[in-house]
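Heads up: numbering here begins at 1 and tracks the sequence.
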Amino acid sequence: MTHSAEPDDEQPHQPVSHARPEPDAAPARPKPRIVSRLAVVAPTLMAVVALGIAIWALTDRPSTTPPSPTAQEIAEAKGRACDAYGLARSAVALQTRADTGSDPIAAQAIAANARLAMAVGSQHLVDSLSPAVPSELAGLLRSVAADLQGLAINALAGTTDGDTGQIARLKDLEATSARVVELCK
């Protein structure tokens, strides 16, 4: 009995090669026609989509006009504006009519508070305005605010109460205030 693994029957040793065997056929490559078609169709499709988006963006503009306020919104806005006017008017009246007595330092402190009440009151009036405030009332409140600012800055600049400019500004303020009071009833 002989075994095939016996040394007499061995085949001569063949060197082992680690190199890749040559393929019988080249790998399949895409056909040049398909590649050239894709090279034309894909960018064209992207350009058409981009053009559509650009046209949409240019023609679809949001409305720039806000919606008209409702009657309730107008009434609420008018109430807030009139309340702001009443508060500013009370602050200015309280601070400008304080008794200075004979103390010059107290007189300066009271004058500073009066100027502060006019400056802050004018800003408070402007801050209380919204688009829903009726236009006539809003215009008058802006005028009152401007008059208060004019009086305050001139007083801060040393203009006396007897100055003709201050007297005219005060008369304008009083006339405008009377119209605001009528509208706020």
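- To the nearest 0.5 angstrom, Leu125 atom CG is 6.5 Å from Leu148 atom CG.
- Expressed to the nearest 0.5 Å, how far CG of Leu58 lies from CD1 of Ile53 amounts to 12.0 Å.
- Gln108 contributes no side-chain N or O that, together with a main-chain N or O of Ile105, makes up a donor-acceptor pair within less than 3.5 Å.
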task = Evaluate side-chain contact (heavy atoms from CB on, under 4.5 Å) for Arg89 paired with Val181, printing each intermediate quantity in order.
result = CA-CA 11 Å; Arg89 183 177 177 176; Val181 169; 2.9 Å; yes
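- Panel note: side chain Thr176, backbone Leu173; no donor-acceptor pair is recorded below 3.5 Å.
- Here the side chains of Glu136 and Leu183 are in contact, with some heavy-atom distance below 4.5 Å.
- Between the side chain of Gln166 and the main chain of Asn154, no donor-acceptor pair closer than 3.5 Å is present.
- The two atoms that bring Ala81 and Ser128 nearest to each other are CA-OG, 3.8 Å, heavy atoms only.
- Using modelled atom types, one finds a donor on one side chain and an acceptor on the other under 3.5 Å when comparing Tyr85 with Ser177.
- Nearest approach of Arg179 to Leu140, heavy atoms of both residues: CZ-CD2, 3.6 Å.
- With rounding to the nearest 0.5 Å, the separation of SG in Cys82 from CG in Leu141 is 7.0 Å.
- Considering CD1 of Ile167 and CG of Leu151, their distance stands at 11.0 Å, rounded to 0.5 Å.
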message = Walk me through whether Ile55 and Leu51 qualify under side-chain contact (heavy atoms from CB on, under 4.5 Å).
response = CA-CA 6 Å; Ile55 290 171; Leu51 180 64; 4.0 Å; yes
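- Between the side chain of Ser143 and the backbone N or O of Gly139, no donor-acceptor pair lies under 3.5 Å.
- For the atom pair Thr96 OG1 and Arg115 CZ, the distance stands at 12.0 Å (nearest 0.5 Å).
- Under a 3.5 Å cut-off, the side chain of Lys78 and the backbone N or O of Leu137 do not form any donor-acceptor pair.
- Here the side chains of Gln149 and Ser122 are in contact, with some heavy-atom distance below 4.5 Å.
- No side-chain donor-acceptor contact under 3.5 Å links Thr159 to the backbone of Ala155.
- Between Asp161 and Leu170 the shortest side-chain heavy-atom distance does not fall below 4.5 Å.
- Of the inter-residue distances, the one linking Ser130 atom OG with Arg80 atom CZ reads 5.5 Å to the nearest 0.5 angstrom.
- Counting heavy atoms from C-beta outward, Arg169 and Asp163 have side chains that approach closer than 4.5 Å.
- Across Val126 and Ala145, no two heavy atoms sit closer than the pair CG2-CB, 3.7 Å.
- Tracing side-chain contacts under 4.5 Å through hydrophobic residues (I, L, V, M, F, W, Y), one never reaches Ile74 starting from Leu129; they form parts of separate clusters.
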